Number of protein chains: 2
Amino acid sequence: MKRNTWQREAVREALDDTEGFISAQALHSTLHASGSPIGLATVYRALGDLASSGEADSLQSPEGEALYRACSTTGHHHHLICRNCGLTVEIAADEVEAWAKGVAAEHGFTQAAHVVDVFGLCANCTKLVVADGADSKVEADRG
Amino acid sequence: MKRNTWQREAVREALDDTEGFISAQALHSTLHASGSPIGLATVYRALGDLASSGEADSLQSPEGEALYRACSTTGHHHHLICRNCGLTVEIAADEVEAWAKGVAAEHGFTQAAHVVDVFGLCANCTKLVVADGADSKVEADRG
DNA sequence: ACGCTTATTGATAATGGTTGTCAAAATCAC
DNA sequence: GTGATTTTGACAACCATTATCAATAAGCGT
């Protein structure tokens, strides 16, 4: 039986209050900073539960850290993420769904799943960076 | 100045001889198995160099491990990967490129990069799995 | 409200991939 | 060959994450 604890609720709320993706460690720090004595292991467990129940989205940062986010859309969707400030836009992508399925089938693959995320600089950060002159630590286009 | 060592060459060749993506650890094991006394740290360094010079592709496995592969196509491309045997097909995806660029622009994002990978079961592994009657969590040795 | 059962917590150890350290070895320009 | 300098590699350090397990607390039936 699944029990309700203030710890799980705290994690859920902290995640809701967070703009963009956040790591388990960072969320734990945030909680501690606001006075919560919640344990690190519990934060990991709560995030894992939220992710597997579909209440949160998770993805691997380019550095290999797992990041989480409360997702507003319940269905399948993808993300457009600002690599500077973390601002995230949820995007539906039927086009891409169809493409992924098609490509897989075309090569005899079954049970196709896909990882599709777009990283960029949001309008605000674009302005900041341009103002700064040249901060191009731009890495990527993997895929 | 960059120097040429047999170690770097060994890593490059081992990667070329590998079908699909492989982890640094697995590649190190493979090299040792074939009699090479190359060190683990060196394998990591060599793979990192190859990846950043564009001679190899890298991606994070769902488990958070970094995987590498010698890429035959020099340009930008994506991958269709068998999650059971590691078989990989390089796929060009102009459609997706256009979509990613469009979505980013639509939301005011600039410098858009994207991570697009499709995981599935290749034709062969599909048959095996069906024969086994098991359909989930088929995790096999990839090295 | 009271136990009782049992899921959950959390401090800590363990795990495992990856990176840093630094003396020894190897490479390349000359 | 000589020497400056890069590279190597055994091992320690790191860091995110997971396992351990005694102590705690949620929620059932009463």
Side-chain angles (χ1 to χ4, degrees), chain A residues 1-15 18 21-53 55-69 86 137 139 142, chain B residues 1-15 18 21-53 55-69 83 86 137 139-143:
Chain A
M1 168 210 318
K2 196 158 153 190
R3 296 176 182 177
N4 297 327
T5 62
W6 63 265
Q7 286 96 333
R8 260 200 264 270
E9 198 51 39
V11 168
R12 194 197 311 266
E13 283 179 21
L15 201 59
T18 303
F21 283 86
I22 190 171
S23 70
Q25 306 262 359
L27 196 63
H28 178 239
S29 296
T30 299
L31 283 164
H32 259 209
S34 29
S36 172
I38 191 171
L40 178 58
T42 303
V43 173
Y44 272 100
R45 278 187 289 243
L47 286 175
D49 287 351
L50 287 174
S52 63
S53 77
E55 294 185 72
D57 267 337
S58 70
L59 60 82
Q60 302 266 352
S61 77
E63 293 79 32
E65 209 179 4
L67 302 181
Y68 298 86
R69 178 170 192 270
K137 267 290 187 187
E139 178 50 22
R142 274 189 304 110
Chain B
M1 168 208 320
K2 197 156 149 190
R3 296 176 182 177
N4 297 328
T5 62
W6 64 264
Q7 286 96 334
R8 261 199 263 270
E9 197 53 38
V11 168
R12 195 196 311 266
E13 284 179 19
L15 201 59
T18 303
F21 282 86
I22 189 172
S23 70
Q25 307 261 359
L27 196 64
H28 178 239
S29 296
T30 299
L31 283 164
H32 259 210
S34 28
S36 172
I38 190 171
L40 177 58
T42 303
V43 174
Y44 272 99
R45 278 186 289 244
L47 285 174
D49 288 350
L50 287 174
S52 62
S53 77
E55 295 185 72
D57 267 335
S58 70
L59 61 80
Q60 302 267 350
S61 78
E63 292 79 32
E65 210 178 3
L67 303 180
Y68 299 86
R69 178 170 193 268
R83 70 171 134 253
K137 191 56 185 174
E139 193 52 33
D141 56 328
R142 210 182 308 226

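Letters go in sequence order (proteins before strands), and every chain restarts at 1. The figures that follow rest on heavy atoms only: side chains count, while hydrogens, waters and symmetry mates do not. Remember, it's a predicted structure, so these values are computed and weren't measured experimentally.
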Under 4.0 Å from OP1 or OP2 of dG10(C): is there any side-chain N or O of Q7(A) that close? yes

Distance, rounded to the nearest Å, where W6(A) contributes CH2 and dT9(C) contributes P: 9 Å

Presence of Y44(B) side-chain N/O under 4.0 Å of dT19(C) phosphate oxygens OP1/OP2: no

Among dA11(C), dT7(D), dT9(C), the one nearest any side-chain atom of R3(B) is dT7(D)

Side-chain heavy-atom pair L50(B), R12(B) within 4.5 angstrom cut-off: yes

Straight-line distance of L59(A) CG to Y68(A) OH, nearest 0.5 Å: 10.0 Å

Measuring only between side-chain heavy atoms, which start at C-beta, is T30(A) closer than 4.5 Å to I22(A)? yes

Send over the distance from R45(B) CZ to dT6(D) C1', rounded to a whole Å. 11 Å

Expressed in angstrom and rounded to an integer, what is the separation of H32(B) atom NE2 from dA10(D) atom C1'? 11 Å

Between atom CG of L47(B) and atom CD of E55(B), what is the distance when rounded to the nearest 0.5 Å? 11.5 Å

Send over the distance from L40(A) CG to dA16(D) C1', rounded to a whole Å. 9 Å

Nearest-Å distance for atom pair CD1/C1', residues I38(A) and dT9(C): 9 Å

Which of these nucleotides, dT21(C), dT8(C), dT18(C), is closest to any side-chain atom of K2(A)? dT8(C)

What is the distance from CG of L31(A) to P of dT9(C), rounded to the nearest Å? 13 Å

Ranking dC28(C), dT17(D), dG9(D) by distance to the side chain of M1(B), first place goes to dC28(C)

Measure the distance from CD on E65(B) to C1' on dT17(D) and round it to the nearest whole Å. 14 Å

Nearest to the T5(B) side chain among dG9(D), dT8(D), dT18(C), which nucleotide is it? dT8(D)

Whole angstrom value for the distance that separates P of dT7(D) from CG of L50(B): 13 Å

Short side-chain N/O contact to dG27(D) OP1/OP2 from N4(A), under 4.0 Å: yes

Taking dT17(D), dG9(D), dG17(C) as options, the one with an atom nearest any side-chain atom of Q25(A) is dT17(D)

Could you verify whether a donor N or O on one side chain and an acceptor N or O on the other, from S23(A) and Q25(A), lie under 3.5 Å apart? no

